[in-house]
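To keep things clear, I will list the structure first and then write my remarks on it.
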Number of protein chains: 2
Amino acid sequence: MAYGNALAVLADPTRRTVFERLRAGPRPVNAIAAGLPVSRPAVSQHLKVLKEAGLVEERSEGVRRIYSLRREGLRELREWLDGFWDVALEAFRLEAEKSHMSGSGVDE
Amino acid sequence: MAYGNALAVLADPTRRTVFERLRAGPRPVNAIAAGLPVSRPAVSQHLKVLKEAGLVEERSEGVRRIYSLRREGLRELREWLDGFWDVALEAFRLEAEKSHMSGSGVDE
DNA sequence: CTCGTTGGTAAGTTATAGCTTACCGTTAGC
DNA sequence: GCTAACGGTAAGCTATAACTTACCAACGAG
């Protein structure tokens, strides 16, 4: 259920902004924090959370810490989301439902 | 930025469980709340939040309130996620980056 | 009409997530 | 060696999200 983790981590707007900034490429913390409405330590904390969730990775370059995106960390979330449109799976669910219920309609 | 809203709403595990239960089809509140580790009013509150986020819809059937999934409510979130894998868009971003920076690598 | 069922809302409590400031370790330059 | 930039961590504050119980309105059945 790692998708739940990714969901929780990306729910915060500030943290999501941090994450999105890395779409443009790897960046040191200073560059990520520049212009954000929160302090630099706050950004550090967000980066830590993102890293623990596997959504970013970090490498040292001298005194800099360069953070970059880990798309892999989004995979489970994406698959979970995709599942809501999966026709075959949906058909299966409807079938199972028919056995249990008196049968109503289905949404949409 | 409705995807941010969907993210925030689905971040809570209990609320996500409520949401996922509706995958199997429309349900009255009682059925949704059955077996959950929280009280029935808590489920009502979650349903309200889900409804306001456009993730579920509600219709009355006698004394019952039947809730059902609104996949449309997930669309923006899905598109946002898909964007992370969009090759063309990524190429554009890299191009833009080249103009601003001294040029480092790109992740992965 | 009365009573049971369904479920929404109000009020209050509590845990915690996100922020701040202060501080410290590390590396680079002079 | 000394000093300045980078950035991680600690401690503490505060707003709020999720929950509870209590209550009430709406409809159905007898």
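Proteins come first, then strands; the chains are lettered A, B, ... in the order of their sequence lines, and each starts at number 1. When reading the values below, keep in mind they use all heavy atoms of this one structure, side chains included, and skip hydrogens, waters and symmetry mates. Predicted, not measured: the structure shown is a model, and the values here were computed from it.
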| Gap between atoms CG and P, on B/Leu47 and C/dG8 respectively (whole Å) | 7 Å
| said: Tell me the bend of the helix from C/dC1-D/dG30 to C/dC30-D/dG1 as the angle between end helix axes, each from five pairs, rounded to the nearest 10 degrees. | reply: 20°
| Whole angstrom value for the distance that separates P of D/dC6 from CZ of A/Arg27 | 15 Å
| N or O in side chain of A/Tyr67 less than 4.0 angstrom from D/dC6 OP1/OP2 | no
| request: Mind checking the CD1-OG1 spacing from B/Ile32 to B/Thr17? Nearest 0.5 Å is all I need. | output: 12.0 Å
| field | Check: B/Arg27 and B/Ile66 side chains under 4.5 Å, non-hydrogen atoms | value | no
| said: Just to verify, what does A/Tyr67 make a ring-ring contact (aromatic ring centres under 6.0 Å, His included) with, not counting sequence neighbours? | reply: none
| B/Arg59 has an atom CZ; how far is it from atom P of D/dC27, in whole Å? | 17 Å
| task | Report yes if at least one side-chain N or O of A/Asn30 is closer than 4.0 Å to OP1 or OP2 of D/dG7; otherwise report no. | result | yes
| message | From CD of A/Glu61 over to P of D/dC6, roughly how many Å is that when rounded to an integer? | response | 14 Å
| Is any side-chain N of the basic residue among B/Glu61 and B/Arg64 closer than 4.0 Å to the acidic one's carboxylate O? | no
| request: Provide, to the nearest angstrom, the distance between the CZ atom belonging to B/Arg64 and the P atom belonging to C/dT6. | output: 6 Å
| query | Hey, are the side chains of A/Leu55 and A/Leu10 touching, using non-hydrogen atoms and a 4.5 Å cut-off? | reply | yes
| task | Assess A/Arg78 against B/Trp85: is NZ or CZ under 6.0 Å from the centre of the six-membered ring, and within 45 degrees of the ring's axis? | result | yes
| remark: Rounded to the nearest 0.5 Å, the CD atom of B/Glu57 sits from the CG atom of B/Leu22 at a distance of 10.5 Å
| field | Beyond-backbone contact of A/Leu36 with A/Val18, side-chain heavy atoms, under 4.5 angstrom | value | yes
| said: Generate the contact string for nucleotides 15-30 of chain C. Rules: B means base contact, S means sugar-phosphate contact only, - means no protein heavy atom under 4.0 Å. | reply: ---SBBBB---BSS--
